[in-house]
Number of protein chains: 2
Amino acid sequence: MEHQGKYQKIKTYYFGLLSTLTEDSWKIFESLLSIRTIKKGDYLLREGKICNHVSFVNHGLLKIYYEVDGKEKIIAFFKELTYCCDYASFLTRESAETAIKALEETEVVEINYEGLQHLYNLVPEANMIGRRIAENLFIEKCRNSSNNVTEGVESKYQKVVTETPWLIQRVPQYMIASYLGITPEALSRIKARNSKKTVVAAAQY
Amino acid sequence: MEHQGKYQKIKTYYFGLLSTLTEDSWKIFESLLSIRTIKKGDYLLREGKICNHVSFVNHGLLKIYYEVDGKEKIIAFFKELTYCCDYASFLTRESAETAIKALEETEVVEINYEGLQHLYNLVPEANMIGRRIAENLFIEKCRNSSNNVTEGVESKYQKVVTETPWLIQRVPQYMIASYLGITPEALSRIKARNSKKTVVAAAQY
DNA sequence: TTGTTTTATTGATTTGGGTTAAGGAAAAGC
DNA sequence: GCTTTTCCTTAACCCAAATCAATAAAACAA
């Protein structure tokens, strides 16, 4: 059966998140899902459009970013087994200030806005899932802004290196710089300074 | 009856938010609420404590801020008819990185963590309210970081002036500066520059 | 392989905001 | 009222990162 497990990953994810979810609720949910593939370099969402889907990344990698006077400011990366969405646009039904673009060949499982409202109506427990998702997104966003306010650029970079080493492997450095809110040149200098420090430290022995 | 309308404001707010809320659900909700007053300069939440209440501001004004090497970085202000909470700490049950302090004599209506979980269990529709609240907080947070990324300090200040003029009236300028992420001196210079511009522009005529 | 494009580094220069310091204005307290 | 504290402004100097510019190194394609 070819379709066996088409939605396996998101199903596992959900049952993990919420142990009380029933097989029946899942069937309804499943009926509202669809699959989309995005080629490297293509858009999942263009700036100015209303984000009409919540997408669960089966595999691949995407970036969400603002474009401000010609330069892109990356807010976040979405890798496999995470949600990918401009949730603010999705919820408010206002046009997105962001764009979402695939950095690798990507496959997502999607539910659209009407589908999700439908789900909330048919399956009241889904409100609890929706609540949890919104809460987690909020917590994540708080952690991010907290970092931006309380930490210097240097330690932010260190955090990326130690906490999300896969990022360093999978995206070019100038995108990391954009994500950190600095220019590629500035990041290059930070790295140079650090490796000098290491050399000096090593020379102590 | 002295207690008539003790929770009137929050009740109105809720019924406005969610027209389907029943009088019975409200009674349960009401039974979980309590009132607290905070004197000017006192804390609603201290850094390092777990935020154990969601507070609805009946009247007054508070600030939520980080303290980073001696200086405070204000994230937001809470005025009457808004929620006041370190919701990230409240949800995760982790100690808060922020503190919340009253800038004016303040009265809040509160529900504590256990109370809210209780409410979610007793009144399933409350999950929908909780979802809406989390969603709105998330949207708000997105707008904020969007501004921080896409806009310069100058236009951020202009936005405060035009969109939240009450803020300018009610808090000293150095707090506005902190909120904008700059020093009081820098804000003072921005204002000076702007009024010079205005004078120059006026001189054209 | 070689040529082409993309990405990273390094240097010189500029700049916006931080820091320090001092004086003035406004509010609060007595 | 006067005094004290709190708040705002202005100026001089400093610094981290942006910008501009050139080169080097990788990645990719033909």
Side-chain angles (χ1 to χ4, degrees), chain A residues 39-42 61 63 65-74 77 101-105 147-158 160-161 167-199, chain B residues 39-42 61 63 65-74 77 101-105 147-161 167-200:
Chain A
K39 280 207 276 289
K40 178 174 175 172
D42 279 358
L61 182 64
K63 65 178 170 187
Y65 62 98
Y66 298 99
E67 190 142 347
V68 37
D69 40 62
K71 285 150 202 160
E72 62 182 45
K73 308 241 182 181
I74 298 174
F77 298 93
K101 194 187 258 190
L103 301 176
E104 299 173 2
E105 184 82 14
N147 284 342
N148 280 331
V149 174
T150 56
E151 282 187 280
V153 181
E154 190 124 5
S155 70
K156 272 196 275 181
Y157 174 65
Q158 285 309 328
V160 170
V161 171
L167 234 199
I168 311 278
Q169 305 304 317
R170 286 167 79 176
V171 313
Q173 193 170 301
Y174 73 90
M175 288 192 193
I176 306 281
S178 169
Y179 177 60
L180 294 173
I182 57 177
T183 58
E185 292 92 330
L187 180 53
S188 191
R189 276 178 199 124
I190 286 170
K191 284 177 63 182
R193 252 187 288 156
N194 281 347
S195 61
K196 180 166 281 183
K197 262 189 226 159
T198 313
V199 170
Chain B
K39 280 206 277 287
K40 178 174 176 172
D42 279 359
L61 182 63
K63 65 179 171 187
Y65 61 97
Y66 298 100
E67 190 142 347
V68 34
D69 39 62
K71 286 150 202 160
E72 62 183 44
K73 308 242 182 180
I74 297 174
F77 298 94
K101 195 187 257 190
L103 300 176
E104 301 173 0
E105 184 82 13
N147 284 342
N148 280 331
V149 174
T150 56
E151 282 186 280
V153 182
E154 190 126 6
S155 69
K156 271 195 276 180
Y157 174 64
Q158 284 309 327
K159 234 177 183 170
V160 171
V161 171
L167 234 199
I168 311 277
Q169 304 306 316
R170 287 168 77 176
V171 312
Q173 193 170 301
Y174 73 90
M175 287 192 194
I176 306 281
S178 169
Y179 178 60
L180 294 172
I182 58 177
T183 58
E185 292 90 336
L187 181 52
S188 195
R189 278 182 288 217
I190 286 170
K191 284 178 64 183
R193 250 187 290 158
N194 281 348
S195 61
K196 181 165 282 183
K197 262 188 227 161
T198 311
V199 171
V200 172

Under the side-chain contact (heavy atoms from CB on, under 4.5 Å) criterion, do A:Thr183 and A:Tyr174 qualify, and how do the steps go? CA-CA 7 Å; A:Thr183 58; A:Tyr174 73 90; over 6 Å; no
Might you work through the side-chain contact (heavy atoms from CB on, under 4.5 Å) test for B:Ile190 and B:Ile182, ending with a clear yes or no? CA-CA 11 Å; B:Ile190 286 170; B:Ile182 58 177; 4.0 Å; yes
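Within the 4.5 Å cutoff, the side chain of B:Lys101 has heavy atoms near those of the B:Lys63 side chain. Proximity of B:Tyr179 to B:Val171: side-chain heavy atoms (C-beta onward) are nowhere separated by under 4.5 Å. By the 4.5 Å heavy-atom criterion applied to side chains, A:Asn148 and B:Asn148 are not counted as neighbours. The side-chain heavy atoms of B:Lys191 and B:Gln173, taken from C-beta on, include a pair separated by under 4.5 Å.
We find that CG of B:Leu103 is positioned 16 Å from P of D:dT6, with the value rounded to whole Å. When rounded to the nearest whole Å, the span between CD of B:Glu154 and P of C:dT15 equals 16 Å. Rounded to a whole Å, the CG atom of B:Asn194 is 12 Å from the P atom of D:dT9. Residue B:Tyr157 contributes atom OH, which lies 14 Å from atom P of C:dG17 at whole-angstrom precision. Protein atom CD of B:Glu185 is 9 Å distant from nucleotide atom P of C:dT19, rounded to whole Å. Atom pair B:Ile182:CD1 and C:dG18:P shows a separation of 6 Å (rounding to whole Å applied). With rounding to whole Å, B:Ile190 atom CD1 is found 13 Å from D:dT10 atom P. Remark: C1' of C:dG16 and NZ of B:Lys156 are 13 Å apart, rounded to the nearest angstrom.
Of the side-chain N and O atoms in A:Lys191, none sit less than 4.0 angstrom from OP1 or OP2 of C:dA8. Between B:Ser188 and the phosphate of D:dC8, there is no side-chain N or O to OP1/OP2 separation shorter than 4.0 Å. For A:Arg189 and D:dT19, the shortest distance from a side-chain N or O to OP1 or OP2 is not below 4.0 Å. Side-chain nitrogen and oxygen atoms of A:Thr183 include none within less than 4.0 Å of the OP1 or OP2 phosphate oxygen of D:dA17. Contact between the side-chain N/O atoms of B:Arg193 and the OP1/OP2 oxygens of D:dT10 is not found at any separation under 4.0 Å.
Between B:Lys71 and B:Lys40, it is B:Lys71 whose nearest contact on DNA chain C lies nearer the 5' terminus.
At least one donor-acceptor pair closer than 3.5 Å links the side chain of B:Ser178 to the backbone N or O of B:Ile74.
Ion pair B:Arg193/B:Glu154 flagged as a salt bridge, since at least one NZ, NE, NH1 or NH2 atom sits closer than 4.0 Å to an Asp/Glu carboxylate oxygen. The pair B:Lys39-B:Glu105 fails the salt-bridge criterion, with no side-chain N (NZ, NE, NH1 or NH2) lying under 4.0 Å from an Asp/Glu carboxylate O.
A side-chain donor from one of B:Lys159 and B:Asn147 sits under 3.5 Å from a side-chain acceptor of the other.
Among the atoms of the strands shown, none is found under 4.0 Å from any heavy atom of B:Gly152.
A heavy atom lying under 4.0 Å from DNA chain C marks the following residues of residues 168-176 of chain A, by number: A:Pro172, A:Gln173, A:Tyr174.
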Which dot-bracket notation, 5' to 3', represents the base pairing of DNA chain C when pairs are defined as Watson-Crick or G-U with both distances under 3.5 Å, crossing pairs as [ ], and inter-strand pairs as |? ||||||||||||||||||||||..||||||
